Amino acid sequence: MQIFHDRSLREWNTFGMKVSCSCFVEYSSVEELKELWHGLHDFPSPFLHIGRGSNILFTKDFPGTIFHSGIRFIEVMPHPEAEAAPIPDRETDEVQVEVGAGVTWDDFCGWCADRNLWGPENLSGIPGETGAAAVQNIGAYGVEAKDIIRYVKCLDCVTGSMVTFKTSECRYGYRESMFKTSAKGRYIVTSVIFALSRTSGPRLDYGHVREAVETAVAGKDGRHDAEECTCGTDRQALTPALVRDVILSVRDSKLPDPAVIGSAGSFFKNPVVPRSDYERIASIARIEHGEDFVVPHYDAGSGFIKVPAAWLIEQCGWKGHIEGNAGVYGKQPLVLTNATGNASPDEIIALENRIADSVMRKFGIALSPEVEHV
Ligand code: EPU
């Protein structure tokens, strides 16, 4: 266990805010976490548990103690049927893997791709750690963490005992879980059990992912121009590693590398609005872009429509805009950036408010931040 006092958090938030905390504690096992739980009164409050700080905007110095998990292991679990009725020669499709909360999320994605296991490949390249991925229900390119999570193991901070939740008990939604809402602050995720597949194949239905994967396969086989090219349907050619590489390059082309330009990824959630709100946005857009213009949207079920916040923000003229040290990323306006490396939390918040106000004025839609303000 490592304990630091008055520690800079610059390296602990991908936005690169120059803030600090009174105390920072990294533990490396469940036993150490339990020990901390028993001796909590020795540390300055308030308490906050973070992953890599990739979805946080620190708005000021944190006056209490920040905890971080150094629980790092990836272990294939015995198949649930194996004990009751051993089937040594038959390969089952599902492989359950337990991953420590402190494992870097993308290391886990790479681990799966290296072993030809399908599951998190579309979530490759998302910054942060595995425990936070289960709290935030990270998502990208048509897949959410909840789709592959089977169980989440936690320390219950009220009772001090370990508890295991099934996915269905975690109340997952779009970038939501009970760990962020009804049970906020009560549980600390120590490990996550994922269900991976040897055979399920890729999920390519989001945006241009299928096209990008087909181009990659064609490039690999040297079959770019062949009319009869079947690369798009040739399942043999599609491996988790190939899909992962494609996703990494798509992300690379759209999102800033936090090591170069500070950001916390998407700053706002995509609003999910009643159809009547969507119709209003559509009629505003028709006035500006012509009668045939269709506002990008996705059916969210139950009469609700998801509208890309990136589009709303771009329509308000913010794309690529820089204000002082804070910016709106030129290739993806949903991402606010620490454009110069010297942005203060106040500058990011001022930009956030101005963007949200303008979207409200123009479209009557309230944007809510995806990034947690601390
Ligand atoms: N768009 C624009 N202008 C732009 C970029 C996008 O109008 O400059 C519109 C387009 O209509 C585009 C749509 O926005 O089709 C969606 O864009 P994109 O596919 O880039 O996805 P997103 O909705 O902006 C979400 C996640 C991202 C995730 C991508 C890909 C949220 C809040 N964000 O962004 O997650 O990588 O989908 O699946 O849901 C993150 O959470 O930090 C994050 C980066």
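Remember, it's 1-based here, ligands and their atoms both numbered in the order they're listed. Since the model is a prediction, treat every value here as computed from it, not as a measurement.
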TODO: From the options R175, Q136, E144, select the one whose nearest heavy atom is closest to atom 41 (O) of ligand 1.
DONE: R175
Task: atom 1 (N) of ligand 1: the protein heavy-atom neighbour that sits closest, reported with distance to 0.1 Å - done: A310 CB, 3.6 Å
TODO: Report the relative orientation of the aromatic rings in W318 and H321; use parallel for angles under 30°, tilted for 30 to 60°, perpendicular for over 60°.
DONE: perpendicular
Open item on the list: Under 4.0 Å between a side-chain nitrogen and a carboxylate oxygen: does that hold for R198 and E94?
Closed with: no
Task: Close aromatic pair by centroid cut-off 6.0 Å: H49 and Y27 - done: yes
Task: Heavy-atom proximity to atom 34 (O) of ligand 1, best of L312, I138, L334 - done: L334
TODO: Taking only Lys NZ, Arg NE, NH1 and NH2, and the carboxylate oxygens of Asp or Glu, determine whether E314 and K331 approach each other closer than 4.0 Å.
DONE: no
Task: Close N or O approach (S266, ligand 1; < 3.5 Å) - done: yes
- [ ] Report the nearest protein non-hydrogen atom to atom 17 (O) of ligand 1: residue, atom name, distance rounded to 0.1 Å.
- [x] Q332 NE2, 4.0 Å
Open item on the list: Is atom 31 (C) of ligand 1 near the protein, in the sense that some protein heavy atom lies at less than 4.0 Å from it?
Closed with: yes
Open item on the list: Show, in sequence, the C-alpha distance, side-chain angles and deciding distance for L155 and Y187, and conclude whether the side-chain contact (heavy atoms from CB on, under 4.5 Å) test is met.
Closed with: CA-CA 6 Å; L155 176 81; Y187 301 105; over 6 Å; no
Open item on the list: Under a 4.0 angstrom heavy-atom cut-off, which atoms of ligand 1 come close to A140?
Closed with: 36 (O), 38 (O)
Open item on the list: Closer than 3.5 angstrom, by distance alone: can the side chain of R52 be matched with the main-chain N or O of P127 as a donor-acceptor pair?
Closed with: no
Task: Cationic N near anionic O, under 4.0 Å, D357 to R354 - done: no
Open item on the list: Within the structure, is a non-hydrogen atom of G207 found at a distance of less than 4.0 Å from ligand 1?
Closed with: no
Open item on the list: Give the atom numbers and elements of ligand 1 that come within less than 4.0 Å of a heavy atom of K319.
Closed with: 4 (C), 8 (O)
Task: Sole residue of I50, L48, T59 in side-chain contact (heavy atoms from CB on, under 4.5 Å) with V374 - done: L48
Open item on the list: Can you see whether Y329 has K254 sitting over its ring - NZ or CZ less than 6.0 Å from the centre and within 45° of the normal?
Closed with: no
- [ ] Looking only at protein heavy atoms, identify the closest one to atom 13 (C) of ligand 1 and say how far it is in Å.
- [x] P308 CB, 3.6 Å
TODO: Output the list of atoms in ligand 1 that are nearer than 4.0 Å to some heavy atom of G265, sorted by atom number.
DONE: 42 (O)
Open item on the list: So for Q315, does at least one of its heavy atoms come nearer than 4.0 angstrom to any atom of ligand 1?
Closed with: no
Task: Numbering as shown, the atoms of ligand 1 that approach E314 to under 4.0 Å (heavy-atom distance) - done: 2 (C), 3 (N), 4 (C), 7 (O), 8 (O)
- [ ] Provide the number and element of each atom of ligand 1 under 4.0 Å from a heavy atom of E370.
- [x] 40 (C), 41 (O), 42 (O)
TODO: Number the atoms of ligand 1 from 1 as they appear, then name those within less than 4.0 Å of a heavy atom of Y174, with their elements.
DONE: 31 (C), 32 (C), 39 (O)
Task: F67 and F43 aromatic ring geometry - parallel, tilted or perpendicular at 30°/60° bounds - done: perpendicular
Open item on the list: My understanding is that only one of K184, K269, R171 makes a salt bridge (charged side-chain N to carboxylate O under 4.0 Å, His left out) with E176; could you say which?
Closed with: K269
Open item on the list: Quick check on contacts: which atoms of ligand 1 are under 4.0 angstrom from a heavy atom of P296?
Closed with: 11 (O)
Open item on the list: Which residue and atom name correspond to the protein heavy atom nearest atom 38 (O) of ligand 1, and how close is it?
Closed with: Y141 N, 2.6 Å
Open item on the list: Looking at F24, I'd like to know if the NZ or CZ of R7 sits under 6.0 Å from its six-membered ring centre while staying within 45 degrees of the ring's axis.
Closed with: yes
Open item on the list: Between D106 and R244, does any NZ, NE, NH1 or NH2 come within less than 4.0 Å of an OD or OE carboxylate oxygen?
Closed with: yes
Task: F268, portion touching ligand 1 at heavy-atom distance under 4.0 Å - done: backbone
Open item on the list: Please report whether ligand 1 has a polar contact with K269, defined as an N or O pair separated by less than 3.5 Å (distance criterion only).
Closed with: no
Task: Closest candidate by heavy atom, reference atom 12 (C) of ligand 1, pool W311, Y298, F267 - done: Y298
Open item on the list: Give me the nearest non-hydrogen protein atom to atom 21 (O) of ligand 1 as residue plus atom name, then the distance to 0.1 Å.
Closed with: Y206 OH, 3.1 Å
